[in-house]
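One structure below.
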Amino acid sequence: MATAGGGASVAYLGCRDLLCLLSFCVLLAGLCGGNSVERKIYIPLNKTAPCVRLLNATHQIGCHSSISGDTGVIHVVEKEEDLQWVLTDGPNPPYVVLLEGTLFTRKVMEKLKASTSRIAGLAVSLAKPSPASGFSPSVQCPNDGFGVYSNSYGPEFAHCREIQWNYLGNGLAYEDFSFPIFLLEDENETNVIKQCYRDHNLSQNGSAPAFPLCAMQLFSHMHAVISTVTCMRRSSIQSTFSINPEIVCDPLSDYNVWSMLKPINVSGTLEPDDRVVVAATQLDSRSFFWNVAPGAESAVASFVTQLAAAEALHKAPDVTTLPRNVMFVFFQGETFDYIGSSRMVYDMEKGKFPVQLENIDSFVELRQVALRNSLKLWMHTDPMSQKNESVRNQVEHLLTTLEKSGAGIPAIILQRPNQSQPLPPSSLQRFLRARNISGVVLADHATIFHNRYYQSVYDTAENINVSYPERQSPEEDLNFVTDTAKVTRLLYGFLVRANNSWFQSILRQDLRSYLGDGPLQHYIAVSSPTNTTYVVQCALANLTGKVTNLTREQCQDPSKVPNENKDLYEYTWVQGPLNSNETERLPQCVRSTARLARALSPAFELGQWGSTEYSTWTESRWKDISARIFLIASKELEFITLTVGFGVLIFSLVITYCINAKADVLFIAPREPGAVSF
Ligand SMILES: *[C@@H]1O[C@H](CO)[C@@H](O)[C@H](O)[C@H]1NC(C)=O
Ligand SMILES: *[C@@H]1O[C@H](CO)[C@@H](O)[C@H](O)[C@H]1NC(C)=O
Ligand SMILES: *[C@@H]1O[C@H](CO)[C@@H](O)[C@H](O)[C@H]1NC(C)=O
Ligand SMILES: *[C@@H]1O[C@H](CO)[C@@H](O)[C@H](O)[C@H]1NC(C)=O
Ligand SMILES: *[C@@H]1O[C@H](CO)[C@@H](O)[C@H](O)[C@H]1NC(C)=O
Ligand SMILES: *[C@@H]1O[C@H](CO)[C@@H](O)[C@H](O)[C@H]1NC(C)=O
Ligand SMILES: *[C@@H]1O[C@H](CO)[C@@H](O)[C@H](O)[C@H]1NC(C)=O
Ligand SMILES: *[C@@H]1O[C@H](CO)[C@@H](O)[C@H](O)[C@H]1NC(C)=O
Ligand SMILES: *[C@@H]1O[C@H](CO)[C@@H](O)[C@H](O)[C@H]1NC(C)=O
Ligand SMILES: *[C@@H]1O[C@H](CO)[C@@H](O)[C@H](O)[C@H]1NC(C)=O
Ligand SMILES: *[C@@H]1O[C@H](CO)[C@@H](O)[C@H](O)[C@H]1NC(C)=O
Ligand SMILES: CC(=O)N[C@H]1CO[C@H](CO)[C@@H](O)[C@@H]1O
């Protein structure tokens, strides 16, 4: 162009106009045409959850795609025989398998893993109803190696030798997959994909389908590789030498929620002879997919029960006269090798927590309590620590106390399992690792878990038989008493609909968006505190705290108000309940002892990324996670398109060359008017 314009001014001007027109056209086409072409071709999938990569000291688990996403022709697999097409017969590999939820089993996954060259990815639909035979992607021996039993301490109990607690666990959530796997959360979207498949790709009578075919592209490229040791080292080297370090993985971390029955001074530590009973439970769960962790039985039922217990104790009339204080603690990240409890034990040992290990009188833990067949609740104890006579006597005392208090409640029968049986996976194990304390773990199972959906997407309200009559309004549901428990509002909020009037009234204004229309998810994650942590802290404050008449400013800094003390209490300015005509909220200041305590594994505090003592789980970072479907042309058609395109390119190059070479002939330079002489 520059050479063409190099002729004379008129030719140059003409050419410039042409250029303008041309670029204008291109721009117009780009604005109007280009986008709509893309929109017509790609249908984004809006309700999916990916499987992402997590790493520990030695391994990587989860899934990932190539950096530009993995694409394959869709094949719907509704029964096991359909796999044949994907694995051997189909002529158009690689395939993206749309797998029926009931087929998401170890057997099928092993087959798919064995032929990765023919598999581009996997989209799993939810089974409805939940698989009757049970489904747990967790391992049979959860948190193995991080509890109290090891080859040197109680070797007969180590590695779940005695009881495979989660005997249904197929371990899929702890495997490494080299292709992306997505969960399709919405039935209607699954139907859109199936329709596309039926219209285009369904093979009839075993013959190959005709092009164009319906394809799916899955993006879930993960930055971290190999192990936590590798990715943390890389991140730390980067941050020493670069102002803008590229971090590839983050430790899983959040906050534990804790409170005291009688307020204590959190700026100091308790006197050695102060006795505290610890009531503990866990806040988190997980599933195969990122941030899908309903955890109804594995977490919610127990922490809701503990919230209710905390409320009941606080409202008891003779609280101040009790000889022992009670500490309620909700541990985060227990799913990932006891992050929360190991951190609290570490802080107690280092004197960084107001309660010390020697202050602990006894320990009562709630684990999976909603699936009681009959009325029995089992009291699990540790046989190893009871070899010490004084500990055995304390445990015995604790059990009799519980049995006595349980006798007054007709709905519960407390029972002891076989005395020579080990503890199930529990936070108590982390405390026993540090000190011989007397403790008991309450659960609905005597041996193996009753929960058939442990740490899976199916551990939902239905799993623990929480259901609501159809066609009630959310407000009616909120106050509806279900058969499962009378702690209904809590169960409803955590399992069915977080965005309800009660949860809104107990939260700070800036946390409003933390309540979605669905149930809360209880995955620990890396950006904390998570929704669950905040909501549990606020619920605990509401149930055990007091509304004060402080103003907003006083609430934020109560140090100048007589009789108020930040050492003893936590003050929160919450949105408050709606006024009588339901138009405005009446914000108020709530005073409670509900606090947060860091739940980051000590391994990262100490920089021991290869630790076998503490949890080392990290989550890889990623840039883009998405899924979409579109029609693809055959390889032949693509080849033809490419060849034609190439031909056009060559042709235009030749033309340009010719024009260029003959420019002086084609664009005749007019002489300057003044220079014309006849
Ligand atoms: C996802 O949302 C986009 C935009 O709203 C819509 O065009 C598309 O059809 C949706 N995808 C599916 C599978 O419904
Ligand atoms: C890391 O996770 C893998 C997979 O679950 C497991 O086999 C391995 O023992 C774990 N490593 C450590 C140090 O815990
Ligand atoms: C699916 O589509 C039907 C009909 O359009 C609609 O009634 C239903 O609510 C949709 N379901 C979901 C989960 O969006
Ligand atoms: C498929 O096979 C059935 C019988 O086996 C036959 O009736 C039908 O016409 C065949 N369809 C095609 C497209 O070949
Ligand atoms: C709490 O302990 C700190 C440090 O020991 C002390 O300075 C403070 O006065 C105490 N507060 C109360 C209310 O006792
Ligand atoms: C038993 O435990 C108590 C307290 O934990 C300890 O003081 C005592 O030394 C232990 N006894 C034996 C025999 O180990
Ligand atoms: C208790 O467990 C031990 C060891 O597993 C076993 O030998 C014993 O028979 C069990 N006792 C009962 C009553 O089940
Ligand atoms: C958690 O909070 C975030 C905003 O902070 C919100 O976008 C998300 O929907 C919430 N999740 C759930 C399950 O409610
Ligand atoms: C708890 O929440 C209820 C409902 O919003 C409210 O009426 C009550 O005052 C709250 N109590 C405290 C102590 O925050
Ligand atoms: C709050 O109530 C107390 C007595 O209950 C009273 O002494 C105090 O002045 C009140 N404060 C405000 C800000 O109203
Ligand atoms: C609702 O109540 C507030 C104060 O309680 C009042 O200012 C407002 O006018 C009321 N609105 C209606 C529609 O009654
Ligand atoms: C084998 C077969 O049925 N292929 C189908 C693939 O999709 C095209 C387009 O809808 C159908 O015409 C073919 O019948």
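Each ligand, and each atom within it, is numbered from 1 in the order the structure gives. Only a predicted model underlies this, so the values are computations on that prediction, with no experimental measurement involved.
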**Request:** Report all protein residues having a heavy-atom distance below 4.0 Å to some atom of ligand 5; order the list by chain, then number.
**Result:** Asn265, Ser267, Asn565, Asp567
**Prompt:** Taking only residues at least two apart or on different chains, which pairs with a member in residues 260-287 satisfy salt bridge (charged side-chain N to carboxylate O under 4.0 Å, His left out)?
**Reply:** Arg275-Asp361
**Thr533 and Thr530 side chains, donor-acceptor separation under 3.5 Å** = yes
**Contacts of type side-chain hydrogen bond (donor to acceptor under 3.5 Å, both in side chains), residue Ser298, not counting sequence neighbours** = Ser285, Asp459
**Fill in**
What one should report as the nearest heavy-atom pair of Tyr197 and Ile74 is CD1-O, 3.4 Å
**Prompt:** Taking only heavy atoms of Asp186, which atoms of ligand 3 are found under 4.0 Å from at least one of them?
**Reply:** 13 (C), 14 (O)
**Request:** For side chain to side chain contact (heavy atoms under 4.5 Å, CB included), just list the numbers for Leu168 and Phe135, CA-CA rounded to whole Å, side-chain angles, deciding distance to a tenth of an Å, and then say yes or no.
**Result:** CA-CA 7 Å; Leu168 280 172; Phe135 172 76; over 6 Å; no
**Message:** Which of the numbered atoms in ligand 9 are under 4.0 angstrom from any heavy atom belonging to Gln588?
**Reply:** 9 (O)
**Request:** Please identify each residue that fulfils side-chain hydrogen bond (donor to acceptor under 3.5 Å, both in side chains) with Asp567, with sequence neighbours left out.
**Result:** Ser267
**Message:** Checking side-chain polar atoms at under 3.5 Å, does Gln282 have a donor or acceptor matched by the opposite partner on Arg367?
**Reply:** yes
**Fill in**
ligand 9 atoms nearer than 4.0 angstrom to some heavy atom of Ser505 are 4 (C), 5 (O)
**Prompt:** Any side-chain donor-acceptor pair under 3.5 Å between Glu365 and Ser427?
**Reply:** yes
**Fill in**
Numbered in order shown, the ligand 9 atoms found under 4.0 Å of a heavy atom of Gly545 are 13 (C)
**Asked** Just heavy atoms, cut-off under 4.0 Å: does Val590 contact ligand 9 by side chain, backbone, both, or neither?
**Response** side chain
